[in-house]
Amino acid sequence: MTAPAPGSGTGPATGIPPAPGHVANKDRSTAPSGTEGGGEYRWPHKHLLSLEELSVQDIRFLLATARGFEDVSTRSVKKVPALRGKVVVNLFFEDSTRTRASFSLAASRLSADILDFAAAGSSISKGETLADTARNIEAMGVDAIVCRHHLSGAAHQLAGAVKCSIINAGDGQHEHPTQGLLDIYTICRRLGRDTYDLSGVTVAIVGDIAHSRVARSNMHGLLKLGAHVILVGPTTLLPASFADMGCELSNDFDKALPRADVINMLRIQFERIHSQAFPSVREYAHFFGLTAERMKLAKPGVTVMHPGPVNRGLEIESAVADGPNSAILAQVANGLAVRMAVLYLVTHAPSSNDTKA
Amino acid sequence: MSSLTITQGRVIDPANGIDQTTDVVIADGRIHAIGKTSKPQTDQVFDASGCIVCPGLIDIHVHLREPGQEEKETIATGAAAAVAGGFTSVCCMPNTEPAIDDDGRVDFVYHQAARAGLANVFPVGAVTKERAGKELAEIGLMAAAGAVGFSDDGIAVASAGMMAKALAYIAMTGKVLMQHCEDPEIGGGVMNAGALATRLGLAGWPKVAEELIIQRDTLLNLSQNIGARYHVQHVSSGGSVALIRRARHDLFGQAHITAEVSPHHLLLTEESCATYNTQFKMNPPLRTRRDIEELLEGVKDGTITILATDHAPHTQEEKELEFAAAPFGIIGLECALPLYAKALIESGTIDWPAMIAMMTVNSARLCQLEGRGELSPGSHADVTVINPKEPWTIDVDKFKSKSRNCPFHGWDVSGRAIATIVGGQLKHCLDGKRLGRHTSPRDTKIKIAEDLIAP
């Protein structure tokens, strides 16, 4: 498996941005190269629905593309015309300030037109189905829909109902692929894994694994890139079936912590307390909170991550969240580059609207 | 009244141990005789050569949605779907809006069915008022009005205390309590619990939620020892089969425990849910290959004695919702017969007579439908003619049901009801060429609507 070298070639971000009206094939010739050694790789996915469905090569190519886009943010003119004339819709059925802002900024840096569409609650209440909503939006002539939904599978169902690209920005408890990708990108950058190979790296994901889409996306991506994944949490939040997929399960954070190169702390979902997945926040924080005291058990260079927003003092103490090991703000910054890469690739995939035009 | 002879069919009447090629004579809405007729004397003759002639099929578990959800199905459209699928009688569940939980609503079902004039429709009354699980419904009055059983289907009678009372009270009426076996706290998910549900991020509905209720109800039945009749609806778990097998042994002579299985639980597995296709969202959910094997074993050894579709119509827009938000269930009346044949006969599990028994006499006995489910002289002339070899493709757009939610759309199957006779009247006929008016066309009262006869 040959990974594209980061920054190799003159990507649309690092080099001269493709002129508007470029067809996909021509654009691709200037995209980060995935052609070193072996046949020409082409990003094949019109939609980004999950990391489970991506191949190792897809993930590496996407991360290499993100690497190319990363530099756009550091320029004085933070914009490339890669998606000029394209329309990207943020279709959010569930509140999200950060993810939406990140996608909006990513799209605007690619010169796309952006429409924010907040759809309230479950579609059952309005007499309009999910597919109706999406088809209505699509009728306005959009190229990509970024969808956030509180129910699992919503993005898959949308992809079956519309012709434009669908990007899953989090669906229920299923996946949050761009979060997974930006987490993995952050790990690779932090650990200097420039070929996006995580062999020999141990990542601990701590918290409510059972209900976390972030955990699922991370898990699929990390396993594919060769990392060892330890899922840490109370048994009530730790699905045994993830062991069959190759993860290690642990109830003992103190034992897992010293072995980890990366710790990804998930946010406590307070509704889990009502379902009695654990007895109290206090008890949870005692066993699974990342305190400064507990950090003493960790490797000195350990990377601490959190998808945000952080419950300071609960799953993670401020001293740790803001400390030298924290990559939390780097995650946010990297999120932009990763989402630019995703928007760019799905709208230029062979079966996307673009190539038919 | 008209008369009809069905000639040259393979007559299978499990109640009377009949399986032979012969004729069935119908007169005045009743079975007149079984046996060779050298020259039929009836007004009409139906040539059933190459076909199975059996008691009209009975489905003890359907949802006809009336009153309250007529956008999904009505008693009339449900009855039309029934006869199109070969069913002469159906028992409809009380989870309507409002629920069928008093004698007036039981009456309403009978009236609507009579107006439709297609299949026999027998209402199942609710166990508890509004199916809320808190207070007993007017079980005695409903039984007097003709309720053929009691169920809170869609949900279980969850409280053990309420269930103990319900078993005791229903035992007085002699009717059967049909339980939707799902512990509401352990169950309640949207697909089979397990690795796939975890990966998909969908809430699981584990088998143990079904098994717990079966086990609990069996123990209640044993402890009360009052001869209650208890029926497990739509068994989905292999573990349940083992529990029912054991309970049928333990309760022998003391109580009556039976179970039914639906076509989808015999043919489909949870893997179908992997693309979030809501046509595969059922309650109880689709399980695993292993469960299917154990269900087949249960059918083979007589643990499961009844086949029932759980015909559950829903509108297209409801099924277009997100997987977690979409309603449970699929329609089954118009494709159940070939699907059962595929699952049970083509797999070598049982033969046609055994399968027909599970769709006729066993069902009739469970719901005490007297004079139905058999071809004894004097019984109701409810008869189904099946061409067991007819190949066809399931096409939901041709269904008589008001709904289209069927995951078997496009399946190539074989076996089909080519004629359905209810009370001596031909209500469904796919092959008009087989029907002939005999010698004396004097009787203009014979009414066979032309639209019932397919070209």
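The structure presented is a predicted model; accordingly, all values stated were derived computationally and were not measured. So that the names make sense, note that chain A is the first sequence line, chain B the second, and so on, each numbered from 1.
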Roughly how far apart are B:Y276 OH and A:L49 CG, rounded to 0.5 Å? 9.5 Å
Looking at B:R246, I want to see if its CZ is surrounded by more than 12 non-hydrogen atoms of other residues, nucleotides or ligands under 6.0 Å. no
Neighbour count >12 (heavy atoms, 6.0 Å) for atom CZ, B:R290: no
Would you mind checking which part of A:E52 comes under 4.5 Å of any heavy atom in chain B, side chain (CB onward), backbone (N, CA, C, O), both or neither? side chain
Using only non-hydrogen atoms and a strict under-4.5 angstrom cutoff, which residues of residues 196-212 of chain B touch chain A? B:T198, B:R199, B:L200, B:G201, B:L202
Side chain, backbone, both or neither: which part of A:M219 has an atom under 4.5 Å from a heavy atom of chain B? neither
Would you say B:E130 has more than 12 foreign heavy atoms packed within less than 6.0 Å of its CD? no
CG of A:D95: more than 12 outside heavy atoms within 6.0 angstrom? no
Interatomic spacing from CG in A:D132 to CD in B:E320 - rounded to 0.5 Å: 6.5 Å
Heavy-atom pair with the smallest gap, counting every atom of A:Q157 and B:F323: OE1-N, 3.3 Å
